[in-house]
Amino acid sequence: MRILFITHYYAPDSGAAANRLTQLAEALHARGHEVTVLTTMPHYPTGIIPDKYRGRFTFIEERNGVRVIQIWLWVTQSPKISRRLISQLSFMLTCAVRGMFVRRPDVIFIENQPIFTGVAGWFISKVKRRPYMLNVSDYWPEYLVVSGVVKEQSRIYQVFKGLANLTQRGAGGIVAMLDDLLKRIEHRLGTVKNGRVIHNGIDLKRFHPNVDASQFRQKYTLGNYRLVTFLGGLGPHIDLETMLEATKLVTGYDDVRFLFVGTGAQKNTLIEALQKPKFSHCLHIEWLGTDEIPAFWGATGIHFWALHDNELDKMRFQAKLYEALATGTPTVIAVDGLMSEVLAEHDMGLTVAPSDATGLANAIKMLLDDAELSQKIRDNARHYAETNLDFDKVVAAYEMMLKSALG
């Protein structure tokens, strides 16, 4: 098949979505398909387009057999969601224009988050008169309501909801990454005939429990400390206040350091907090390159984070948890919902109630003190990943859905 990928997220940008979609495109190429990608100029997470790409409308590269067409967009370093929406809108327009001139594909793969990329893909499918498969990886636009950006009754929310319905109704197939995502789509549209849930997968050869982290530790001056880490975007969904409070309560461990890796809306809040003496046992790295992520997990002894108490976060299964499971990393999360249920069912980590800083700290201390418990969690997590998260099976499922959309 000639497959056209349309996505806001792709390497050399970093982050879970870019990594996942890049690996999927390259894996489909490895299975004999011709893959072209329409994506943004590199800009995430810094909000800055590198010099190599700056000043161009498009920049075309071939990487690992995939033709990547990177297109200009207006970028911003502002954490304000209004600025980010403008940036996303700019890519919708430039992608739609450039997409009219790509070679006609057999089928189109559209990453539907953000919704404006989905609209650009829908337009290109009409121009090229080719079917598309929609990949739905997040709750959109529901997330805007939960995060307090808009009201459900507002006109702008209804517009976003209408755009989501437009792209989803026209799809030759819909893949949702969570069961509840597909249920929500069917609640709005009715039964989706060619809908399927395909959970995320992970490269088990790249992410495993024995990754060598010695160079990573040396580069970031981490010594031989036992590391309790956080990795991810510091967006409004992260309960940073609870996490910082928990770090203050983990005392008496001279060989332990907390390492925060992340940028986003709360980055400045984190940096200001870590300058205080009570956080002298905490470190911050703004971001890591994609090739450094396995070594990060190799250096991590415990991974932790906290989410706010709302309905959408209860249904999330965050991408970094796949990496933690594959590497057998004990995980502690302050969360209710899907992630806590899965971790508890398979004994792969510890969870506490949202906003419970004391409970979060106690769970971290339990793992620091109990080597047998930590090893049990490591073994269970890796076994679960090998059984349920094999990336090769995920690629085969996507290939089947693309063929089905093509008819």
Without hydrogens or angle criteria, can the side chains of [X] and [Y] be said to hold a donor-acceptor pair below 3.5 Å?
{"X": "Tyr384", "Y": "Glu345", "result": "no"}
{"X": "Tyr9", "Y": "Gln113", "result": "yes"}
{"X": "Glu323", "Y": "His303", "result": "no"}
{"X": "Thr329", "Y": "Thr300", "result": "no"}
{"X": "Asp379", "Y": "Gln375", "result": "yes"}
{"X": "Asp369", "Y": "Tyr253", "result": "yes"}
{"X": "Thr117", "Y": "Glu111", "result": "no"}

Exercise. Taking it one step at a time, do Gln70 and Tyr10 satisfy side chain to side chain contact (heavy atoms under 4.5 Å, CB included)?
Worked result: CA-CA 9 Å; Gln70 293 147 122; Tyr10 203 82; over 6 Å; no

Short question: side chain of [X], backbone of [Y] - any donor-acceptor pair under 3.5 Å?
{"X": "Arg382", "Y": "Ala326", "result": "yes"}
{"X": "Arg63", "Y": "Val68", "result": "no"}
{"X": "Lys393", "Y": "Gly201", "result": "no"}
{"X": "Arg104", "Y": "Arg129", "result": "yes"}
{"X": "Ser374", "Y": "Asp370", "result": "yes"}
{"X": "His199", "Y": "Met177", "result": "yes"}
{"X": "Ser340", "Y": "Thr351", "result": "no"}
{"X": "Asn380", "Y": "Asp347", "result": "yes"}
{"X": "Thr94", "Y": "Trp72", "result": "yes"}
{"X": "Thr242", "Y": "Asp356", "result": "no"}

For this session: Report yes if the distance between the aromatic ring centroids of Phe258 and Phe230 is under 6.0 Å, otherwise no.
Result: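 They do not qualify: ring centres at least 6.0 Å apart.
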
Return the minimal non-hydrogen interatomic distance between [X] and [Y], and the atom names on each side.
{"X": "Ile333", "Y": "Leu360", "value": "C-CD1, 4.2 Å"}
{"X": "Gly328", "Y": "Ala381", "value": "CA-CB, 4.1 Å"}
{"X": "Asn112", "Y": "Gly118", "value": "OD1-CA, 3.5 Å"}
{"X": "Val119", "Y": "Thr167", "value": "N-CG2, 3.8 Å"}
{"X": "Ile174", "Y": "Gln168", "value": "CD1-O, 3.5 Å"}
{"X": "Asp13", "Y": "Met41", "value": "OD2-O, 4.2 Å"}

Drop me the distance from [X]'s [atom1] to [Y]'s [atom2], to the nearest 0.5 angstrom.
{"X": "Arg83", "Y": "Ile86", "atom1": "CZ", "atom2": "CD1", "result": "6.5 Å"}
{"X": "Leu21", "Y": "Ile6", "atom1": "CG", "atom2": "CD1", "result": "12.5 Å"}
{"X": "Thr269", "Y": "Lys267", "atom1": "OG1", "atom2": "NZ", "result": "11.0 Å"}
{"X": "Thr36", "Y": "Ile69", "atom1": "OG1", "atom2": "CD1", "result": "6.0 Å"}
{"X": "Ile364", "Y": "Leu249", "atom1": "CD1", "atom2": "CG", "result": "9.5 Å"}
{"X": "Leu270", "Y": "Leu234", "atom1": "CG", "atom2": "CG", "result": "6.0 Å"}

Measuring only between side-chain heavy atoms, which start at C-beta, is [X] closer than 4.5 Å to [Y]?
{"X": "Leu338", "Y": "Asp180", "answer": "no"}
{"X": "Met243", "Y": "Ile238", "answer": "yes"}
{"X": "Lys151", "Y": "Tyr157", "answer": "no"}
{"X": "Thr40", "Y": "His8", "answer": "yes"}
{"X": "Thr331", "Y": "Met348", "answer": "no"}
{"X": "Leu28", "Y": "Phe109", "answer": "no"}
{"X": "Glu61", "Y": "Lys52", "answer": "yes"}
{"X": "Cys95", "Y": "Ile124", "answer": "yes"}

Exercise. Who are the ring pair (Phe, Tyr, Trp, His ring centres under 6.0 Å) partners of Tyr225, not counting sequence neighbours?
Worked result: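 Result, ring pair (Phe, Tyr, Trp, His ring centres under 6.0 Å) vs Tyr225: none returned.
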
For this session: Would you sort out whether Leu307 and Met339 count as a side chain to side chain contact (heavy atoms under 4.5 Å, CB included), showing the intermediate values?
Result: CA-CA 11 Å; Leu307 297 177; Met339 287 189 289; 3.6 Å; yes

Exercise. Between Lys248 and Glu245, does at least one N-O distance fall below 4.0 Å, as a salt bridge requires?
Worked result: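 Judged by the 4.0 Å cut-off on N to carboxylate O distance, Lys248 and Glu245 do form a salt bridge.
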
For this session: Determine the sole option in Leu244, Val228, Ile271 for which the side chain to side chain contact (heavy atoms under 4.5 Å, CB included) test with Phe260 is passed.
Result: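 Result for side chain to side chain contact (heavy atoms under 4.5 Å, CB included) with Phe260: Leu244.
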
Problem set entry | Within 6.0 angstrom of Met100 CE, more than 12 heavy atoms from elsewhere |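 Counting neighbours around CE of Met100, more than 12 heavy atoms of other residues, nucleotides or ligands fall under 6.0 Å, so yes.
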
Problem set entry | Whether over 12 other heavy atoms sit under 6.0 Å from Glu241 CD |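 Check fails, neighbour count at 12 or below.
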
Exercise. Using the ring of each side chain (for Trp, its six-membered ring), is Tyr220 parallel, tilted or perpendicular to Phe216, with breaks at 30° and 60°?
Worked result: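 Ring orientation of Tyr220 relative to Phe216: tilted.
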
For this session: For a ring pair (Phe, Tyr, Trp, His ring centres under 6.0 Å) with Phe116, tell me which candidate from Phe123, Phe91, Trp122, Phe160 qualifies.
Result: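 Result: among Phe123, Phe91, Trp122, Phe160, Phe160 is the only option passing the ring pair (Phe, Tyr, Trp, His ring centres under 6.0 Å) with Phe116.
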
For this session: Please determine which of Phe317, Trp297, Phe207 meets the ring pair (Phe, Tyr, Trp, His ring centres under 6.0 Å) test together with Tyr322.
Result: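 Answer after filtering Phe317, Trp297, Phe207: Phe317.
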
For this session: Check the pair Thr229 / Val261 against side chain to side chain contact (heavy atoms under 4.5 Å, CB included), numbers first and verdict last.
Result: CA-CA 8 Å; Thr229 69; Val261 178; over 6 Å; no

Problem set entry | Steps toward side chain to side chain contact (heavy atoms under 4.5 Å, CB included) verdict (Asn200, Val394) | CA-CA 7 Å; Asn200 208 342; Val394 170; 5.7 Å; no

